[in-house]
Amino acid sequence: MAIPNPLRPDDLRRRCNPDQFQFKSTAELPDLEDIIGQERAIEAIRFGIGIQHDGFNLFALGPNGTGKFTAVRQYLTQKAAQQPTPQDWCYIFNFDQPHKPHALNLPAGYAGKFRAAMRQLVEDLSTVLPSAFASDEYQNQKKSIEEEFKQREIQALDDLKARAQEHDIAFIRTPAGFAFAPLKNREVMSPEEFMKLPAEEQKAVETQIQELQEMLQGIMRQLPQWQSELQKRLKELNANVAVFTTTHLFDDLRQKYAGMDAVLTYLTAVQKDVVDNVDAFLGTEEPSMAAVLGGLEKPHSPQQITRYQVNVIIDNGQTQGAPVVYEEKPAYNNLIGRIEHISQMGALITDFTLIKPGVLHKANGGYLILDARKVLQQPYAWESLKHALSAKEIRLESLAQAASLINTVSLEPEPIPLEVKVVLMGDRELYYLLHQYDPEFGELFKVAADFEDEMARDDASNLAYAQLIGTLARKEELRHFDREAVALIIEHSARLAGNAGKLSTHMQSISDLLREASYWAGEAGREIVTQEDVQHGLDAQLYRHGRIRERIQEAIIEDTILIDTTGAVVGQINGLAVYMMGMHSFGRPSRITARVRLGKGEVIDIERQVEMGGPIHSKGVLILSSFLGARYAAERPFSLSASLVFEQSYSGVDGDSASSAELYALLSALSGAPIKQSFAVTGSVNQNGHVQAIGGVNEKIEGFYDLCRATGITGEQGVLIPEANVRHLMLRHDVVEAVSDGRFHIYPISHVDQGIELLTGVPVGAADDDGSYPPDSINGRVVAYLDKLAEKQRAFAAPPPEARQQKQEDDKNS
Amino acid sequence: MKIQRILVALDASPHSLAALDTAVDLAERLDAELQGLFVEDINLLRLAQLPFARELRFPHSTTHKVDAPQMEEQLRGQAAQAQRLFRREAERRNITHSFTVVRGVVAASLLKAALESDLLVLGRASHSLVRTERLGSTAQTAVSQAERSVLLVHPQADLSRPPLLIYDGSTAAERALSMAANLVQRNGRLYILLYLADADAAQAAIDTIETQLAPRNIEAVYRRLYGIQLQELIDFINDSENSLLILSDRYEQFSPVVIRQLAEKLTCPVLVVR
């Protein structure tokens, strides 16, 4: 197979020509209105926001930094501005069941007014009622009722006393009660005098006294009845006075809120309650111990009357259009709201005024944006969010109550109906996990807005990118960029995307670069950021993150890590590995060696043996073994043992990007043809020997180049890469220059036959009609070696000559 | 009229406690001796001895048998309690005091004992079944028959305020004025209601009064009223917030019935001077 030509400089870094731009600096460009490069996601967002059916909430998935939040918020804000402002909601006292406060809705902006109106009402009642009850008219009426009853009591007793007197019997107060006794000369009769009386008279006296006692008993029984009748009459009087006094206040309010039935119902209930509890306004009640000791309220103050307050939960008086809310910390309390408690004399109490809203309330009628991971991390938040969305209501419950952890006074506020569209943002893995394991997720979050990592690179997108840079510069108050700087940034974006034909949509990285470049421009005293500043930024980043890379290179140069960049060795090759540390990756060469010996046909992957090789790596080794087996041992024994290892690798290997290098090493060991150490190789191989694409090709090439530069460029060094990776190349300028000067070479390989020839300088050899290879070709030499080994194998397996003869004799004799 | 000895009638009722408070207060002001009297009601004892005697207890309206020993013991107990309270209050104020228990008809015993003192202090009523402002029988008897001055106490008495004297120019009024002057502290103030028909008589009365009061440096505040309805007078006196009302039962315009009504309706104590 023909060796491919090395790549030309133009293939190594697809340039962005600044001349394509009409502008001199980004200051001349208008702001970018739309998000770039996310057509799929934007379509999904538009659809998700537009459709009204239940369950069509959104999940914006994609890596962080790709502008999910910006995109989502921008579209939501635009749409929300044209939608109607939602209603206000408040909680009010439920007179029938105080522990279940009612929810009351009012047109937007009215809740605050209603609250103020109720406050005013209470104040008015606090002045109007006491003066009505202090008035002479009331006092007189009260006195006359009390007099009436007192008279009744006195009259009854007087009648009794008179009756007693008629019969000369005294009505006497005793220490413990009352008694009747016969009189003589206005004094109680002594027993002797009584005995002197004739029998009938005695009897008459006793009977009379008995009658009087019964009368007295009758009166004593009646007294409590009369008392309660009196109380009832007084209560009626109070109620009438209260109603009469307060009617005009309530009628005024009723007029203001005519047509709002819920408010009118409430006002009626309030009026009834006021009438029933007039004492609270008169300050005649003793303040409860609890209230005074708790220091909560001044006794006898209108503030003590909290039950007529209005707790405004959602006030949309200032909102324009529908609300768009983003919650930074979606804890259960912040999402659903909470019911607070106050400690009073050691117990926890609460009332409807202590209900506090959450973001679901604020976003009701609009949109809520949340970070999915944060929601999942907060206990109970995810469950409650889902519940609220599927039940379409916000039901407030103290968390501790729900978990039956506390048993204090608590509330069950009437749930508020919920109309909201939720947009969750998260990474892709999270989305798919939720989809897989949470059955409710799919029912509630039907719209996925999938954000890309990369976008197409063409003239239109170049211009859009330039506009983006200008927009960001303006927004963050950075210096503007000249067109050469823009071109460099675009090239870097392609490098970030890992593909010459794409641009990265990872806005965060780009913005960070812009900020840094603007800074360097400032340090250099420039008002416009130039290419030099951008490059400075890139170099500075590399330098800041380059400690490990430099240490490794040092170790290689000092031979602590053994890598050759010149000469040729059998069974040894430079593989290439890429290290990812945080945001930065770099490549470094790794020595791979292969040894062979007589054996039973196995290729031992030493990394796998010691469990330092990952499964993908092991798979790669197995694949190359089958290639070998298929090519060379299809019809002959494979009597060898081969072992492969990544020398001086102590921290594990995975990925199959080195499987072609491993194969070359084996072929070299089998054929005895030495491999040029001036090359480094990357690429994975399949069972047919085709070389497949790998990742991190730019870093790998640069890693080997940097080492060669440090040890001394010979002009013969280079890297073999899979052809399929050519479109991913966006190499550094200095590498491109070296290739341009012919000091470094990069070869695109599509099949191992190309590679082995290039590496050894020995032709690989084509099979003739018999299936034999030319003896001096790689294939031929491998086959010869295998035959030799097979022969040896047979020889060792056969018994020694004397024993053979003996056996023959034994066979003859038996 | 100098008051050297005050007699206070005590039973176990709240009214008599009020009487005790007032009596002690007065005794301290006037530097007088105080005598406490508890009457064991003979009628109660006789009642207890009657074979068919039953007691109705409030509020249960159940009847219980009473017997003499029980009654004796109850009365003894009440006497002891009254004595305890009396002693405590008197000793606290450093007043010369003595306490007596007699057995007999209550009103008669009181009136008899009163003969040995200058002023009788008692409550308006004993325990009653019904809250009423009516004077009890003992109080009524005392007001109409006592031969000494009687002070009918009111629970809300505030003796630090100036008293109010009704003066009609008669000899009785002179005595009442003398009593009033004794009651007012030196440099104090006395309110005087001149119950006289014409202005000249009033002026003459004022002159007389001033001569009496000047030596003690008592300031008098005068008001003239005549021929008004009883209720109006009652309202006027209640509104004026004086510490007590002083008058005599010998006034022409003030019969015992009127005085009784005054005593029932006023919210301050009433001192009937004899």
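No experiment lies behind these values; they were computed from the predicted model shown.
Interatomic distance, A:Arg173 CZ to A:Phe178 CZ, rounded to the nearest 0.5 Å: 4.5 Å. The CZ atom of B:Arg76 sits 7.5 Å away from the CD atom of B:Glu40 when rounded to the nearest 0.5 Å.
Ranked by non-hydrogen atom pairs under 4.5 Å with chain A, the options B:Leu50, B:Thr63, B:Val105, B:Ile42 are led by B:Leu50. Between chain A and the residues B:Arg54, B:His64, B:Glu55, the most heavy-atom pairs under 4.5 angstrom are made by B:Glu55. Counting heavy-atom pairs under 4.5 Å between each of A:Glu206, A:Met195, A:Gln213 and chain B puts A:Gln213 at the top.
For A:Phe194 and B:Phe52, the ring centers are positioned less than 6.0 Å apart. Checked against a 6.0 Å centroid threshold, the rings of B:Phe254 and B:Tyr195 count as neighbours.
Both the backbone and the side chain of B:Leu56 come within contact range of chain A, each with at least one heavy atom under 4.5 Å from a heavy atom of that chain. Using a 4.5 Å cut-off between heavy atoms, A:Ile209 touches chain B through its side chain atoms alone.
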Test log, rule side-chain contact (heavy atoms from CB on, under 4.5 Å), inputs B:Leu151 and B:Thr22: CA-CA 9 Å; B:Leu151 173 58; B:Thr22 307; 3.9 Å; yes
